[in-house]
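Here is the structure we will look at, set down as structure tokens.
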Amino acid sequence: MKKLHVDIARCTGCRSCEIACALEHSKSKDIIQAIFESPLPRTRINIVGAPKKFYPLVCRRCEEPRCVDACIAGALVKEKDEIIFREERCVGCHSCILACPYSSISQRKDYSKVALCDLCKERETGKRACEEACPTRCVFYGEDKEFMEIINEPR
Amino acid sequence: MERSNGVKKTQLSKFKYAIMGNSAAGISCAETIRQKDKRSGIAVISDEPHLAYARCLLPNYIEGSFKKEDLPIRSADFYKSSGIDLILGKKVVEISEKNKNLTLDDKTKIEFDNLLIATGASPTIPQIQGVDKDGVLGLRTIADAESILKLLPSVDTVVVLGGGLVGTKAAYYLGKIGKKVKIVVKSPHILSQMCDARSAGIMSKEMEKNKIEILTQTDIAEIQGKEKIKSVKLDNGKTIDCQLLIVAKGVRPNMDFLKDTSVKIDRGIVVDRKMQTNIPAIYAAGDCAQGYDLLSGKNQAHAMWPNAVKQARIAAKNMVGEETLFEGAVGLNSLEYYGVAMVSAGWFRVEGPEYEELVQGHSIRSAYKKILLKDNKIAGFILVGDIHNAGLYLSLLRQKTDVAAFKGEILDYSFNYATAMDYLKDEEKSPSAERFRTTKESLIHEIYYSRIGG
Amino acid sequence: MAAQKKSIDKATQQLSEKARKDGVSTAWDRLETQTPQCSFGEIGICCRNCFMGPCRIDPFGEKADKGVCGADADTIAARNFTRMIAGGASAHSDHGRDAALTLLETAQGKAQGYQIKDEEKLRATAELFGINTQGLAKEKIAQELAEKALAEFGKKEGELTFIKRAPEKTQKRWRAHGVVPRSIDREIVEVMHRTHMGVDQEYKNILSQGTRAALGDGWGGSMIATELQDILFGTPKPIRSKINLGVLKEDQVNVIVHGHEPILSEMIVLAASDKELLKLTQEKGAKGINLAGMCCTANEILMRHGIPVAGNFLQQEMAIVTGAVDAMVVDVQCV
């Protein structure tokens, strides 16, 4: 299954992916207007830090997603191997945030519903917003095998 | 036997898998079986006339943000395309473990090779004088919700008996649509099964700010009125006029139909870690089951949606021959009222020298955080406000990780999955995580430190 | 990036194609490698003023809402913007300083080739600075004026002299808001001071000081430059000329002057009509010296001498890409 991978060695923790993701999921898609929207756009990828390293937290597309099990509203479902989040159904109970072992579901500010990476399905350019925004090109969308090949070859 | 949708007309039918219950556990089991066994017959029997629906959304249905047609979590098409025979509106009155069949209330008999009992639980109705009057309702089924909706136009004041998740949720949503609400709770604070006094206090304050009255350490002595409820009399003598009483004092597993069988029952249907009862080929999962509790290692009933889904999946796997053990249920709760989120898991009301409480009061975006450690392992936690590490703490709890090494940082806002990762097993394989583990320091760090000669 | 997207000007479109073929990198190529540009930078909420940073505010309100020192988004944006004002004001003010120093040296006879062209303006400006020009020779007036102008940069008290040229109502408004500049360099230093970590966190104050420094530029450094340059090189009158890269000539030596200050470019104008240089040019097979300007210095020599303008700031690389420019002489900044 295709998912988002990050080459941690090249992550500089600049958070460009966070901004790009939030912008991609905003109504206006314009940075100046987006910061005035209500609800505020929310990034689905979150950078956290560890000593000497950075780690982007993003949905791992689990085989048996705990978030789908936890969702009481049927907003998170697994359809044909895809994890789909139907925001209209979300009631903001946060059971999914409690369930996800990888902190991949985001709580939102002044808004009950949550946010989950949707792999930018709606995007026109064909590349994820975070992929394009990363200045060190360390975000990759594809199969596990393809990613392993990329990080093992000298860049 | 042809596979079709709807009630079987024949008197006797045989299915490889029969499932009693059409909610979280029933659906999870049916789906999992069908993923692994594409051909055998699966029957799902429910005493309700509805497609599988999200029971926890009933308060939202009453409030109006969810319509009745939004409640189902699976469409009619789902049953059809999965080849699941859905039998609605029928109760199971008898189970013969010897003959491996069950009898419905319309005298139909269904034979099975494997049976999952996922009949859920029903609201506990306390023995109070007048509890059978009109206007005294539980909130477990669509039928309950519709009864409430029918009454609402003539309701000014609602009394909710019970301060747990169901009670407070009902209170919250009824308050939102403008009803006067009073919660009567026996414990010293609301949500006593889910959190401690301090966090309950934060939630009560929000409710009281929004005009919901909370009467603690109080019980109802009498329900007054002719056929319809007119008022309730409390055990302190006071009377409250009301037109609706919602009883939310917990649930009791549905297992009466097992009384003439030798299936072992206790406070629920007793199952092992394969979700099997003492009778081979009969399994149980969900609110009706009493299964393995992760923290205590003993059997306990857990009435929680995610546990039901997981237990049923384990049952299904074992039914199709894939031996799997249930990791164990953990008490889980999460809610958000008036923009304040609260999640909790595990235990928080135990004492002894092996327990240690880590507490943090008001801080960055968080109203309150508490982790209960037993022998330096997380046994429970409560988070109010900022809940972003809830999943991480639950992982540490489930994996019984020793957290002594980072006890001092674990409640910090900046404590995160990356810092804890070395202590956790990844249940989902991730090349990024592998890359993280094998990279000593990021390249930018390497460059920075080599330039400044450090 | 397609040529049409780079510019609507046809000359630029043509040359950007040539640049591409020649393998020459231009501002547009560098813009592409910078795209997408950092959004934190775009909104101005990243601060690198001190070593507790670098700090960044999350524009979507989830993560950091304050820098380590406690500055919020408004403070950081105000600091950044006001420091940009200081940068711009410094450029213009040094320009004015240069003009004043040149006037001084010209008055003292130390600047060969420079002269006082507009005596009328000299007298009028000197009067404004409180110099009694009755019966004084122009060199004397020029020296006093230059010294008074230089004093504007660091004087102890009062207001900048040119402030009184603004309409009364405007002056009153400035005084009411406390933004009348006291001396040119001082206002810029105060900008750097106030925007330093731990000094003035209040964004309105910071922006007020920015306003004051900006006025210190407009009615200080810039105005001094303008007036003194008119005195040295002549007050401009309406004039016709030509613009865009087509002013370059195939059969002449093309020299472009680029930059901001006529102090140098005026001398290049003189040199371009020097008889000996023209003779050398013809000996080498060219018909003459074709002088053109780019950027602000182009304006200076355009309005006083009608020298054609080869292009604007963005076209400076294009001029070189033509291959027809023999020399580009740059005085200060904007390259």
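In what follows, chains are A, B, ... by sequence order, proteins preceding strands, each numbered from 1.
Residue C:Asp65 holds its CG atom at 6.5 Å from NZ of A:Lys109, rounded to the nearest 0.5 Å. Between C:Ile57 atom CD1 and A:Ile35 atom CD1 the span is 11.5 Å, to the nearest 0.5 Å.
Residue C:Arg30 places its CZ atom among more than 12 non-hydrogen atoms of other residues, nucleotides or ligands, all under 6.0 Å distant. More than 12 heavy atoms of other shown residues, nucleotides or ligands fall within 6.0 angstrom of atom NZ in C:Lys18. Dense packing is recorded around NZ of A:Lys27, with more than 12 heavy atoms of other residues, nucleotides or ligands lying under 6.0 Å away. Around OH of A:Tyr141, the count of heavy atoms belonging to other residues, nucleotides or ligands within 6.0 Å exceeds 12. More than 12 heavy atoms of other shown residues, nucleotides or ligands fall within 6.0 angstrom of atom CE in C:Met52. The 12-atom threshold is exceeded at NZ of A:Lys121, counting heavy atoms of other residues, nucleotides or ligands nearer than 6.0 Å. The local environment of NZ in A:Lys29 is crowded, with over 12 non-hydrogen atoms from other residues, nucleotides or ligands closer than 6.0 Å.
Closest approach of C:Phe60 to A:Ala34, counting heavy atoms only: CE2-CB, 4.0 Å. Between C:Pro59 and A:Leu40, the shortest heavy-atom distance links the atoms O-CD2, 4.5 Å. Heavy-atom minimum distance, C:Lys63 versus A:Asn46: NZ-OD1, 2.8 Å.
In this structure a side-chain-to-backbone donor-acceptor pair under 3.5 Å is missing from A:Arg42 to C:Glu62.
Contacts between A:Glu37 and chain C at a heavy-atom distance below 4.5 Å are absent for every atom of the residue. For A:Arg15, the parts lying near chain C are the backbone and the side chain together; criterion is any non-hydrogen pair under 4.5 Å. In this structure, chain C has no heavy atom under 4.5 Å from any part of A:Asp110.
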